[in-house]
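Quantities reported herein were computed from a predicted structural model and do not represent experimental measurements. First listed ligand is number 1; within each ligand, the first listed atom is number 1. These values consider heavy atoms only, across backbone and side chains, with no hydrogens, waters or symmetry-generated copies.
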Amino acid sequence: MADQAFVTLATNDSYAKGAMVLGQSLKNHKTSRKLVVMIGPHVSDPSRAVLRRIYDEVRLVDVLDSGDSANLAMLKRPDLGVTFTKLHCWTLTHYSKCVFMDADTLVVSNVDELFDREELSAAPDPGWPDCFNSGVFVFRPSKETHGKLLQFCTEHGSFDGGDQGVLNAYFGDWATTDISKHLPFIYNLSSVALYTYAPAFKQFGSKAKVVHFLGSMKPWSLTFDTTARRVQGDVEGASSHPSFMLEWWLLFATSVLPMMKQEYGDTPFHSGCESSVHLSISQGEDISGAASLSSLERKHKWEQGQADYMGMDSFDNIQKKLDSFLK
Ligand code: UDP
Ligand code: MN
């Protein structure tokens, strides 16, 4: 087990927050594997300190300083910067097998069984299911594969400009050769599926093991009201189920933020958390008022940001709902 690891990547402090939550979620679900985060030089010292508290290994990767084949490849294709950085996971040869997870993923159940799979195992992309989504994949670190990937990248570029295009072209037989390399969708569930195939999401969504907040809106692009325990902003635009988004923020606010406060000390940082105390609401009235709302009306109110958080939508009730949803 000591030679197997979950690996993620954060090139800046925003993605570092995602990595903190991901790492903490893996620990909360009692993984027996090592945790590795690859960071870029722009990640600040206090963020590195927090990552060191969560991860077994915090490894600085900088393609421009590496002076090896990566450096050469990078000089030829500067547009593929972050892509090259992700491919560096193949250099972690002190592990025999790894699972890469994007920093915008969240583990909602133990997923150690992923290590039973072989390279390259991944789940279908919701947008083009003949391609795999590169947010979660099983791989075997190897200098040789790393070199070949960089060479492939330099010669052919990436059809989508990112790592997913390169990896799908390189592991081009994924769709057709070996079904055991198709991870079930619940190992990389994005709520794009919620909109494109709602009945399936209703049927299988509760079995989710890994949630992926893919797209330009990330959990950390939103803000969280710690008093109301409510995510604020365009939750739907973040293409995520509200309960998963809430789970990300609860984990951030309760486990990660205290560590950040300690490590940042007097240095200001953007937590995305704010506390609002709504004194205007009379608790008694609110509960009786909300109780008479139909569930559809409640849903609309919720979506308009008017959750009845002192009554029916109180944190205790949300937690119960989350627990039953995830059971
Ligand atoms: N990433 C990063 N810095 C960036 C962009 C991406 O560290 O500026 C890493 C991070 O691990 C992220 C992954 O690359 O999860 C893939 O990018 P992203 O998740 O934004 O792509 P999406 O899943 O939305 O297609
Ligand atoms: Mn992602």
Under a 4.0 angstrom heavy-atom cut-off, which atoms of ligand 1 come close to [X]?
X: Ala10; answer: 7 (O)
X: Val82; answer: 1 (N), 5 (C), 6 (C)
X: His212; answer: 23 (O)
X: Asn12; answer: 8 (O)
X: Thr11; answer: 2 (C), 3 (N), 4 (C), 7 (O), 8 (O)
X: Gly215; answer: 24 (O)
X: Asp104; answer: 15 (O), 19 (O), 23 (O), 24 (O)

If you have a sec, work out which protein heavy atom is nearest [atom] and how many Å separate them, to one decimal?
atom: atom 12 (C) of ligand 1; result: Tyr15 CE2, 3.5 Å
atom: atom 15 (O) of ligand 1; result: Ala103 N, 3.0 Å
atom: atom 13 (C) of ligand 1; result: Asp102 OD1, 3.5 Å
atom: atom 11 (O) of ligand 1; result: Leu9 O, 2.6 Å

Distance-only, no hydrogens or angles: does the [X] side chain make a donor-acceptor pair with backbone N or O of [Y] under 3.5 Å?
X: Lys27; Y: Ile54; value: yes
X: Thr196; Y: Val192; value: yes
X: Gln164; Y: Ser134; value: yes
X: Thr105; Y: Met101; value: no
X: Asn133; Y: Ala123; value: no
X: Lys97; Y: Glu119; value: no

Task: Polar proximity ligand 1 side, Thr8 side, N/O cut 3.5 Å exclusive - done: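 It does not: no N or O of Thr8 is found under 3.5 Å from an N or O of ligand 1.
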
Open item on the list: Taking distance alone, with N or O pairs closer than 3.5 Å, would you say Leu214 contacts ligand 1?
Closed with: no

Open item on the list: Before you tell me yes or no, could you show the steps for His241 and Leu189 under side chain to side chain contact (heavy atoms under 4.5 Å, CB included), namely the whole-Å CA-CA distance, both residues' side-chain angles and the distance that decides it to 0.1 Å?
Closed with: CA-CA 10 Å; His241 194 281; Leu189 185 71; over 6 Å; no

Task: Whether Gly135 lies under 4.0 Å from ligand 1, heavy atom - done: no

- [ ] Consider ligand 1: state whether an atom of it lies below 4.0 angstrom from any non-hydrogen atom of Lys218.
- [x]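 Judged by the 4.0 Å heavy-atom criterion, Lys218 does count as contacting ligand 1.
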
- [ ] Test side chain to side chain contact (heavy atoms under 4.5 Å, CB included) on Asp102 and Val136 and set out the steps.
- [x] CA-CA 7 Å; Asp102 267 9; Val136 177; over 6 Å; no

TODO: Report the part of Asp163 (side chain from C-beta onward, or backbone N, CA, C, O) that has a heavy atom under 4.0 Å from ligand 1; answer both or neither where that applies.
DONE: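 The answer is neither; Asp163 stays 4.0 Å or more away.
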
TODO: Could you tell me the separation between the OH atom of Tyr55 and the NZ atom of Lys34, rounded to the nearest 0.5 Å?
DONE: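 The NZ atom of Lys34 is 14.5 Å from OH of Tyr55, to the nearest 0.5 Å.
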
Ignoring hydrogens, what is the shortest heavy-atom contact between [X] and [Y]? Give both atom names and the distance.
X: Asp112; Y: Lys30; result: OD2-O, 4.1 Å
X: Ala208; Y: Ser109; result: O-CB, 4.4 Å
X: Pro141; Y: Cys98; result: CG-SG, 3.7 Å

Task: Aromatic ring proximity Phe201/Phe185, centre distance under 6.0 Å - done: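 Between Phe201 and Phe185, the centre distance exceeds or equals 6.0 Å.
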
Task: side chain to side chain contact (heavy atoms under 4.5 Å, CB included) evaluation trace for His88 with Arg59 - done: CA-CA 10 Å; His88 277 27; Arg59 174 179 273 237; over 6 Å; no

- [ ] Mind listing the protein N/O/S atoms less than 2.8 Å away from the Mn ion (ligand 2)? Waters don't count.
- [x]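 Listed by chain and number: Asp102 OD2, Asp104 OD1, Asp104 OD2, His212 NE2.
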
